[in-house]
Amino acid sequence: MPGWVGSGRPGRDLALAGVSLVGGLAAYGVGLQPQFPWAPDVPRVSFLLPLLAVSVAVGLRRVATRTGLVVGTVAVFADAALGVSVGVTVIYTQVLYDTCVYGPSRWWRWLLRVTVGFSVGGTVVGLLWWGWRGAAVGMPFALLGVLPVVTGISVRQYRDQAATERARAEQTARLVELDRRQAVLAERARMARELHDVVANQLSAVALHATALLAAPGLDRPRIDAALRVIRESSVQGMAEMRQLVGLLREPSADPVQEATRVRLDELDRLLARMADAGLRVRTTVRGSPRELPVGVDLAAYRIVQESLTNALRHGTGTAELTVAYLPTEVAVTVENPVRPGGSADGAALPAGGAGLIGMRERAALLDGGFTAGPRDGCWRVRATLPAGERT
């Protein structure tokens, strides 16, 4: 098909109007008018004007539906007054169909009432005038009026339903894209928290001990060796955890939270040992019976403790208290440490962007847990409660 007669283009309407006119002229040529010669003196050429008008009405079906209906109706009544021709009557059924498909919804309701009324009225008049055989008078009105209207209504409903389904599909696609973006943002935030925990916590110990070595050049060899061992252990631990994160980014696993790191609460002894080597004395209290926790909860609790102790090492006086409470439906971790004025051992605070508190709060919120952090009685207190399921 040529492009100018494509779907929805004016060329298609003009082509349909031309085909209707040619078909009407063919019916005129074989003498299919008049069907009811109640005006025998009317010249046959008079039937061409209603034929032309109703063909024009077909061409106006989309650009001016109301005008097309009016022109077509006037043409069919004029044709009926001349004696009714087959061409005009058949083309008018197309006008009725197009009005129901392209016109406002109130129009097809009105047309349905009118055509049904003509059919019923014709049937009643026929019954009263010719008896039961006169019931056939309503048949032409039903075939040429009700049938095109009902067909147009059906097509319109199918098209409206298809448009609704398309809109629904587009909305679903937008929601899927939004979910995808949110998932990407959530994953980026999770990886940012992991990178902060790995880099900031381990490098903080390295920076603290390197700063201490630079600030006290007169240290004896054993103290220098102890500080270098802490620097080395912190560096190796940070490199190992960073390698795990890089591996996860290259080849995501089925359980990224579990594969991102293997640390958990039952490995706190190793963390406390490293903190002790770094110069932070931690008094630990465990309440309740330790039990296996969900992977996400276990990891979040460990990271919160790790970040809290790192902050205590940075800004505290060298001591901290850690409490781990295994409650029936949750696990609670609390870290409390005195705060030194100035926030660092040598008076020069290490750079910190405040992402640690944000990351801890986000970890607790993602698990529907609670998190509080702030000064209390001259100390800095961090407390997180994470849901751990019913005790078994």
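Heavy-atom basis, side chains included; hydrogens, waters and symmetry copies ignored.
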Q. Crowded around Asp179 CG? As in, over 12 foreign heavy atoms under 6.0 Å?
A. yes
Q) Is there a donor-acceptor pair under 3.5 Å between the side chain of Thr65 and the backbone N or O of Gly103? A) no
Q) When hydrophobic residues are tied together by side-chain contacts of less than 4.5 Å, even through go-betweens, does Leu96 share a cluster with Val150? A) yes
Q.
Applying a strict under-4.5 Å side-chain criterion to I, L, V, M, F, W and Y, I'd like to know whether Val76 and Trp110 cluster together.
A. yes
Q | Worked check of side-chain hydrogen bond (donor to acceptor under 3.5 Å, both in side chains) between Arg303 and Gln306 | A | CA-CA 5 Å; Arg303 288 304 190 191; Gln306 183 184 35; 2.7 Å; yes
(Q) Do Leu48 and Ile91 sit in one hydrophobic cluster, given that two such residues count as connected whenever their side-chain heavy atoms are within less than 4.5 Å of each other, even indirectly? (A) yes
Q: Could you check Thr284 against Leu268 for side-chain contact (heavy atoms from CB on, under 4.5 Å), going step by step and ending with a plain yes or no?
A: CA-CA 10 Å; Thr284 305; Leu268 282 179; 5.8 Å; no
Q: Could you tell me whether the side chain of Thr323 reaches within less than 4.5 Å of the side chain of Val333, counting heavy atoms only?
A: no
Q) Are Val71 and Val54 close enough that some pair of their side-chain heavy atoms sits under 4.5 Å apart? A) no
Q. Which value, rounded to the nearest 0.5 Å, describes the distance between Ile304 atom CD1 and Arg361 atom CZ?
A. 10.5 Å
Q. Between Phe47 and Val84, is there a shared hydrophobic cluster once you connect ILVMFWY residues whose side-chain heavy atoms come closer than 4.5 Å?
A. no
Q) Heavy atoms, side chains only, cut-off 4.5 Å: are Arg61 and Arg12 in contact? A) yes
Q: Report the distance from atom OG of Ser154 to atom CZ of Arg159, rounding to the nearest 0.5 Å.
A: 12.0 Å
Q) So how far is it from Thr372 OG1 to Arg383 CZ, rounded to the nearest 0.5 Å? A) 7.0 Å
**Q.** Shortest non-hydrogen contact between Pro34 and Gly83, atoms and distance
**A.** CB-O, 3.5 Å
Q) Transitive ILVMFWY cluster of Leu178 at side-chain heavy atoms under 4.5 Å: who else is in it? A) none
Q. Which atom pair, heavy atoms only, marks the closest approach of Leu367 to Val297?
A. CD1-CA, 3.9 Å
Q) What closest approach, in Å, do Thr319 and Pro338 show between heavy atoms, and which atom pair accounts for it? A) O-CD, 3.5 Å
Q: Could you go through the salt bridge (Lys or Arg N to Asp or Glu O under 4.0 Å) check for Glu177 and Arg180 one step at a time?
A: CA-CA 5 Å; Glu177 178 63 18; Arg180 186 192 67 81; 2.7 Å; yes
**Q.** Flag side-chain contact, heavy atom, 4.5 Å: Tyr326 against Val286
**A.** yes
Q: Say whether, by atom type as modelled, one donor and one acceptor occur between the side chain of Arg381 and the main chain of Glu336 under 3.5 angstrom.
A: no
**Q.** Residue pair Pro290 / Asp266, side-chain heavy-atom distance below 4.5 Å
**A.** no
Q.
Under the criterion side-chain contact (heavy atoms from CB on, under 4.5 Å), I'd like the reasoning laid out for Glu170 against Arg174: C-alpha separation, chi angles, the key distance, then a yes or no.
A. CA-CA 6 Å; Glu170 293 174 358; Arg174 288 193 293 268; 3.9 Å; yes
Q | CG-CE distance between Leu309 and Met275, expressed to the nearest 0.5 angstrom | A | 5.0 Å
Q. Taking Leu111 as the fixed residue, which of Val116, Ile153, Thr99, Val146 is the one that meets the side chain to side chain contact (heavy atoms under 4.5 Å, CB included) rule?
A. Thr99
Q.
side-chain contact (heavy atoms from CB on, under 4.5 Å), that's the test. Do Val331 and Leu265 meet it? Break it down for me.
A. CA-CA 10 Å; Val331 60; Leu265 279 180; 4.2 Å; yes
Q) Is it the case that one hydrophobic cluster holds both Tyr97 and Val149, taking links as side-chain heavy atoms less than 4.5 Å apart, direct or via other members? A) no
Q: Using the test ring pair (Phe, Tyr, Trp, His ring centres under 6.0 Å), find all partners of Phe141 that sit at least two apart in sequence or belong to another chain.
A: Phe118
Q | Spatial distance of atom CG (Leu322) from atom CG (Leu272) [nearest 0.5 Å] | A | 6.5 Å
**Q.** Flag side-chain contact, heavy atom, 4.5 Å: Gln94 against Leu16
**A.** yes
Q: Taking atom CD of Gln35 as the centre, report whether more than 12 heavy atoms of other residues, nucleotides or ligands fall under 6.0 Å from it.
A: yes
Q: Would you indicate whether the side-chain heavy atoms of Val137 and Val125 approach each other to under 4.5 Å?
A: no
Q. Okay, side chain of Asp79, backbone of Ser85: is any donor-acceptor separation there less than 3.5 Å?
A. yes
**Q.** Whether Trp107 side chain and Pro104 backbone form a donor-acceptor pair below 3.5 Å
**A.** no
**Q.** Minimum-distance pair of heavy atoms, taken over all atoms of Ala78 and Pro50
**A.** CB-CG, 4.4 Å
(Q) So, taking the atom named CG in Leu25 and the one named OG in Ser20, what distance separates them when rounded to the nearest 0.5 Å? (A) 11.0 Å
Q: Would you please name every residue forming a ring pair (Phe, Tyr, Trp, His ring centres under 6.0 Å) with Phe36, sequence neighbours left out?
A: Trp38
Q | Closest approach of Ala373 to Val382 (non-hydrogen atoms, all atoms of both residues) | A | CB-CG2, 4.0 Å
(Q) Ring of Tyr28, cation from Arg44 - is the NZ or CZ under 6.0 Å from the centre and inside 45° of the axis? (A) yes
Q | Min side-chain heavy-atom separation Phe371-Met360 under 4.5 Å | A | yes
Q) Under 3.5 Å, is there a donor-acceptor pair between the side chain of Arg156 and the main chain of Val101? A) yes
Q. Checking Thr151 side chain against Leu147 main chain: does a donor-acceptor pair fall under 3.5 Å?
A. yes
(Q) If I compare all heavy atoms of Gly369 with all of Pro387, which pair ends up nearest, and what's the gap? (A) CA-CD, 3.9 Å
